[in-house]
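Note sheet for the following structure.
Every chain is numbered from 1, with letters handed out A, B, ... down the list of sequences.
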2 protein chains.
Amino acid sequence: MAVFLSTYVNKVDRKGRVSVPAEFRKVLAGQSYQGVVVHKSLHYSALEGCSAEHMEQLSDSLETSDLSNEDYELIETTIFGGSIQLPFDGEGRIVLPQHFCEFAGITEEAAFVGRRKTFQIWEPGALAAHESGMRDKARSRDISLSKIIAKASAMRGAAS
Amino acid sequence: MAVFLSTYVNKVDRKGRVSVPAEFRKVLAGQSYQGVVVHKSLHYSALEGCSAEHMEQLSDSLETSDLSNEDYELIETTIFGGSIQLPFDGEGRIVLPQHFCEFAGITEEAAFVGRRKTFQIWEPGALAAHESGMRDKARSRDISLSKIIAKASAMRGAAS
DNA sequence: TGGACTATCATGGGATTTCATGGGCCGTCA
DNA sequence: TGACGGCCCATGAAATCCCATGATAGTCCA
């Protein structure tokens, strides 16, 4: 199953190189472009990454969507304009451009967070803060996964 | 359909390996991914486990559900970012990452608790405490399985 | 019914491979 | 010529695989 899962923390060496987790590279294996596409997150002090293929899908989706012209412009500029293709070196590492690192506050270590079709790259401390906040929120709202599944299954059942 | 049932306590060896109970492995048998997906429980000091397939269901459910963007984000970060795929070794064992063990307080032994479609992994002592608490609660609320079954049967009878 | 034989399973240890990480070399382009 | 990026190699640690062992439960036969 080819989705990005789990969180890995890797070191940034003095050349600015970071190993992309092997598990993530396996997800990307077999694709034409051996590397990742990265852009700044719209919501967080973090970077968003995905496969080049996923980026193309997103592009196609945009064209068929009913976004307003303004939103369309916005996404084109911020996401596509701000994206960069980062090829793997022989060992599966990428080099994050400096202004990306600064944006996310990444210096010594980078945390790769799987989010199914995409992943994020965080400064580990910032991620920890973000995560604990998220957990608290989830707890306080009493989110139950099994209920979500049950509900969705019921909807699928009703639809079919 | 096979479901996770009953509780098994297995040892964690010095490499951090634990045998997944054979009965649980039988439930997973025949699936494409030979292993389990584990994440931290939102509510307890325990780990939640399920099949990769179940995780995909959850993933699909998320997309078709009417969650707010925020809730969606929340789940992606806490569950998918916090999940890990643990493949079985040749003997049906998995290796729990240290981070997860600490979260659940697991050191020497791990208790696998079947919960139908999913299961939990507890430190045995914590589980005992948790269970007795639950038992008291159930007693105080006068929950009776036979009544629940009888009631459901009556409803089915009335409907048909 | 009881006892022996067998299959399954949890557990342990050693060997091997993978992976992250670091450093060095050699081009290219300014 | 000097800085930088790209490429290759070295290394230690960690994960993975493979085989051995003991215990338990289950089965079969007398």
Q | Atom-pair distance (CD on A:Q98; P on D:dC4), nearest Å | A | 11 Å
(Q) Using a 4.0 Å heavy-atom cut-off, does A:D89 contact any base of the nucleic acid, only the sugar-phosphate backbone, or nothing at all? (A) nothing
Q) Which of the following nucleotides, C:dA20, C:dG23, C:dA10, is nearest to the side chain of A:A22? A) C:dA20
**Q.** Interatomic distance, B:E108 CD vs C:dA10 P [rounded to whole Å]
**A.** 19 Å
Q) Parallel, tilted or perpendicular: which fits the ring planes of A:F24 and A:F119, with parallel below 30° and perpendicular above 60°? A) tilted
Q: Output yes when at least one side-chain N/O atom of B:R25 is less than 4.0 Å from OP1 or OP2 of C:dA10, else no.
A: yes
Q: For B:E63, look at atom CD and say whether over 12 heavy atoms of other residues, nucleotides or ligands are found less than 6.0 Å away.
A: yes
Q) Would you say a side-chain N or O of B:R14 is under 4.0 Å from OP1 or OP2 of C:dG13? A) yes
Q | Residue A:E91, side-chain atoms from C-beta onward, closest of D:dG6, C:dG22, C:dG13 | A | C:dG22
Q. Aromatic rings B:W122 and B:H130: how do their planes relate, parallel, tilted or perpendicular, breaks at 30° and 60°?
A. parallel
Q: Rounded off to whole Å, could you give me the CD-to-C1' distance for the B:Q85 and D:dT16 pair?
A: 16 Å
Q) Ignoring hydrogens and angles, does a donor from either the side chain of A:R17 or the base of D:dG5 sit under 3.5 Å from an acceptor on the other? A) no
Q | Residue whose nearest DNA chain D nucleotide is more 5′ - A:F88 or A:E23 | A | A:F88
(Q) So, OP1 or OP2 of C:dC9: does either fall under 4.0 Å of a side-chain N or O from B:K26? (A) yes
Q: Quick one: pull up CG in B:L58 and CZ in A:R116 and give me the separation to the nearest 0.5 Å.
A: 8.0 Å
Q: Rounded off to whole Å, could you give me the OH-to-C1' distance for the B:Y8 and C:dT8 pair?
A: 13 Å
(Q) Is it true that, when you exclude B:H43 itself, more than 12 heavy atoms of the residues, nucleotides or ligands shown sit nearer than 6.0 Å to its NE2? (A) yes
Q: May I ask you to verify whether the side chain of A:R93 and the base of C:dG22 hold a donor-acceptor pair under 3.5 Å?
A: yes
Q: Nearest whole angstrom, please: distance from the C1' of C:dG22 to the NZ of A:K15.
A: 9 Å
Q) Rounded to the nearest Å, what distance is computed from the CZ atom of residue B:F24 to the C1' atom of nucleotide C:dA10? A) 15 Å
